[in-house]
There are 2 protein chains.
Amino acid sequence: MDRTALTLYELSKCMKSKSDDFSISSSEFGKCLSVSQQTASRLLNELEAAGMISCTRGGKGQVINMTEKGLSSLNDMLLNLRAFLECAKEPLAIEAKVATGFGEGAYYIQAYAKKLEAALGFAPYPGTLNLKPTKPYPAIDRFASGEIAGFTENNRSFGAVKYVLAKLSSKSWEEDCFILLPQRTHHVVELEVVAREKLRDKRSIKDDDVVTLTICV
Amino acid sequence: MDRTALTLYELSKCMKSKSDDFSISSSEFGKCLSVSQQTASRLLNELEAAGMISCTRGGKGQVINMTEKGLSSLNDMLLNLRAFLECAKEPLAIEAKVATGFGEGAYYIQAYAKKLEAALGFAPYPGTLNLKPTKPYPAIDRFASGEIAGFTENNRSFGAVKYVLAKLSSKSWEEDCFILLPQRTHHVVELEVVAREKLRDKRSIKDDDVVTLTICV
DNA sequence: ATTACTAACTTTCGAGTAT
DNA sequence: TATACTCGAAAGTTAGTAA
């Protein structure tokens, strides 16, 4: 179990703000975590190796700064906690830009076609709409309405895929769709969406159009 | 290093909302954490033993609910992350009710008198105003402007105390003060405040009056 | 006063397995 | 299928120190 995130969180509790250049000794940090100076020192080195913080060491103490990666990791925690604790207020909406993708969508949809049809209850248009969220969003696996198990076909293996029921909308229209979440890769930068029809044509969507995905709970 | 909070956070990522009665097997939870089914099972038992969740076990899977304690632990994380990531917006303000305390304040202030005077730059009124926050607030240790080391006097030992510069205010007045943070005890339910004068008299404060503490950064 | 190495100690993990 | 036990192995922790 990776404790990087926890260590980073504990470190953030010692810092006044995200832009605070702050100085802490390993023994002081150790007191905050109730561990020895040696362990605290190692933990700080691990955070640095993971790219979460940058430190400049000197004879007495070290000056620590959060990196962008560290801040984004803490921001993910914040987003996930919000989604969990403040959920009931409004359904989760993700703003995204239409993107081109690698054109592999069609190939995959064909491979998964029968299983998708069985799972979703309809035969999806054989292609995916790729969407690039405009800002960080919380983990949506938890809203998955089902999962297609991995399988092997023609000596090629296809991984498991979860699917989340969502509404894709723009100012003037709304369509039902499913977000596909490959279970292999973490930290997806583009979401792939399938629907009954070819939405690019039906709704005249072009690359870089901004649309909203609203997760159906 | 205690990982309860991290495990709870990871569990929350699997749940749809805080009120979700949700069912997960130990092997599924293990996959989320990248640990074995055995470890996941043990972690869930630890969370239950710590009072963070309640589970009902059956032949297949277990139904998990977050307890109030678990929710408040996650809420603490949320508050701390907010304070860290969204800091610049406005200074941290804590709304609190005036409380009676155990009357020990005066005794302590006397014991710490000389050290407090040296640290704060003035001789505080020999008593503390006890304040009970009306809602959870983020950790404020990080804003400490200094610390008085522990010491022993007349065979009695006095622990270390950090102090945070703050403004105590009501609708019609504002006073400089210091929040005292004993370093021994965690999870303080009442904050103790010292000031130059006896604020109860000067500002006619009574128990249950609502005041605001604003941390000076 | 620092940080951080090595070596010994302690805790945690997970394969095998019982229930 | 589950959960969860034992126990040998792996990982983490810290005391003693070096730098």
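What's counted below: heavy atoms across the whole structure, side chains too, no hydrogens, waters or symmetry copies. So that the names make sense, note that chain A is the first sequence line, chain B the second, and so on, each numbered from 1.
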Seminar exercise, completed: With B for base contact, S for sugar-phosphate-only contact and - for none (protein heavy atoms under 4.0 Å), nucleotides 5-19 of chain D reads B------SBBBB---
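- Of the inter-residue distances, the one linking B/Leu79 atom CG with A/Leu78 atom CG reads 10.0 Å to the nearest 0.5 angstrom.
- Considering only residues two or more places apart in sequence or on other chains, B/Thr4 meets the side-chain contact (heavy atoms from CB on, under 4.5 Å) condition with B/Asp2, B/Leu47, B/Ala50, B/Met52.
- Between the CG atom of B/Leu44 and the C1' atom of C/dG14 there is a distance of 16 Å, given to the nearest Å.
- Side-chain contact check for A/Arg82 versus A/Pro138: every heavy-atom pair is 4.5 Å or farther apart.
- Distance, A/Ile64 CD1 to C/dT3 C1': 12 Å, rounded to whole Å.
- Atom pair B/Arg57:CZ and D/dT1:C1' shows a separation of 17 Å (rounding to whole Å applied).
- Rounded to whole angstrom, the span from the CD atom of B/Glu28 across to the C1' atom of D/dT3 amounts to 14 Å.
- Ion pairing between a basic and an acidic side chain is recognised when a charged N comes within 4.0 Å of a carboxylate O; B/Asp176 and B/Arg196 show no such pairing.
- Centroid-to-centroid, the aromatic rings of B/Tyr9 and A/Phe84 stay 6.0 Å apart or farther.
- Taking atom CZ on A/Phe29 and atom P on C/dT3, their separation rounds to 12 Å, with Å as the unit.
- With hydrogens and angles ignored, the 3.5 Å screen pairs no side-chain donor or acceptor of A/Arg142 with any backbone N or O of B/Lys16.
- For the OP1/OP2 pair of D/dT3 and a distance below 4.0 Å, the side-chain nitrogens and oxygens of B/Ser41 include no atom meeting the criterion.
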